[in-house]
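Have a look at the structure below before the remarks.
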Amino acid sequence: MKIIIIGATGTIGKHVVKALETGNEIIKVGLKSGDHQVDISDTRSIRNLFEKVGRFDALISTTGDAHFGPLKDMADSEFRIGLNSKLMGQINLVLIGQHYINPKGSFTLTSGSLSEDPVTFGAAVSAINGALDSFVKAAAIELENNVRINAIGPDVVEESPQYFPYFSGHIPVTMRRVAQAYVKSVLGAQTGQAYKVL
Ligand SMILES: NC(=O)c1ccc[n+]([C@@H]2O[C@H](COP(=O)([O-])OP(=O)(O)OC[C@H]3O[C@@H](n4cnc5c(N)ncnc54)[C@H](OP(=O)(O)O)[C@@H]3O)[C@@H](O)[C@H]2O)c1
C-alpha cells in the first residue's frame, strides 16, 4: 500500500511510520523534514504535494497547530491559528486529496480527546477536535469509490511531557496504543469513526 503520512517526523507521526512501514511504501511528509514538504495551511502547497507524489492508497495526517491558552485573553487571531492549520489544513488534505486517492483508499485525520474531555486553556483545541470528528462522520457518507475516513483522538501522549501539567488526573497514553489506532483505521474496514485513545 502507498501511504502518505503528513507529520511523519512528529511525536505521534514517527510511531505511526514505524507501525506501518513493514510491507508498505511510506511517503514521509513534514513542514521542513521528510521525503516531501507541505504546509497544510496553504492549499497551493497541498496541491503541489499531490502532484509530486501522485496517486496513493492511504493518507494519514498527524499534524496541525492550534492555540492553547486562557479563554479570558483569547483573541480571534489566536483561535484562527487552529482553524487555518489543524482544522482547515486537515480538511483540505481531504478536499484536494479525494481527487488523487485510489478506490478503496482511506484518510485518517488527527483530532484529540479534548472534544469530549476538556481541560483548562483548551477551548480552541476542543472546538477544532469536535469539528474534525463531525467532518469525518459527514464526509464518510459522501466519499466516492469506497474511500473511507476516520479521525484518531488521543488523550495526552506519554512522549509529550510538556503538556502533562495541563492534564491533571489523565494517564498519558502509550505511543503503541496511539499508533495502533492509526493502523486500525488504515487496515480495518470502518469509516466515519472517531477513535478516542484514552
Ligand atoms: N502530543 C500529544 O499529546 C497529542 C495528543 C492529542 C492530539 N495530538 C494532536 O496530534 C497532532 C500531532 O501532534 P504531535 O505532538 O505529534 O506534533 P509534533 O511533535 O509537533 O509534530 C508535528 C509534525 O507535523 C509537521 N508539521 C508542522 N507544521 C506543519 C504544517 N503547517 N504542514 C505540514 N506539516 C506540519 C512537523 O514537521 P517538521 O518536523 O518538518 O516541522 C512534524 O512532523 C496534532 O494535531 C495534535 O493536536 C497530540
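Indexing begins at 1, ligand by ligand and atom by atom, following the structure's order. It should be emphasised that the depicted structure is a prediction, and the values quoted were computed from it without experimental measurement.
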Item to complete: Classify the ring geometry between F68 and Y166 as parallel (under 30°), tilted (30 to 60°) or perpendicular (over 60°).
Response: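 Judged by the thresholds at 30° and 60°, the geometry between F68 and Y166 is perpendicular.
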Worksheet item: Between the side chain of T191 and the main-chain N/O of I149, is any donor-acceptor distance below 3.5 Å?
Response: yes
Discussion item. Testing the 3.5 Å rule here: is there a donor-acceptor pair between the side chains of T174 and E158?
Written reply: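 No pair is found: no donor N or O on one side chain lies under 3.5 Å from an acceptor on the other.
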Practice prompt. Report, as yes or no, whether the 6.0 Å neighbourhood of atom CZ on R176 holds more than 12 heavy atoms from other residues, nucleotides or ligands.
Written response: no
Practice prompt. State whether D133 and K196 are salt-bridged, where the test is any N-O pair (Lys NZ or Arg NE/NH1/NH2 against Asp/Glu carboxylate O) under 4.0 Å.
Written response: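 Salt bridge flag = yes for K196 with D133.
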Discussion item. What does the 4.0 Å heavy-atom contact list look like for ligand 1?
Written reply: G7, A8, T9, G10, T11, I12, G30, L31, K32, S33, V38, D39, I40, T62, T63, G64, K86, T110, S111, P154, D155, V156, V157, S160, Y163
Discussion item. Listing request: all ring-ring contact (aromatic ring centres under 6.0 Å, His included) pairs with a residue in residues 16-53, at least two apart in sequence or in separate chains.
Written reply: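 Residue pairs with at least one partner in residues 16-53: F50-F56, F50-Y100.
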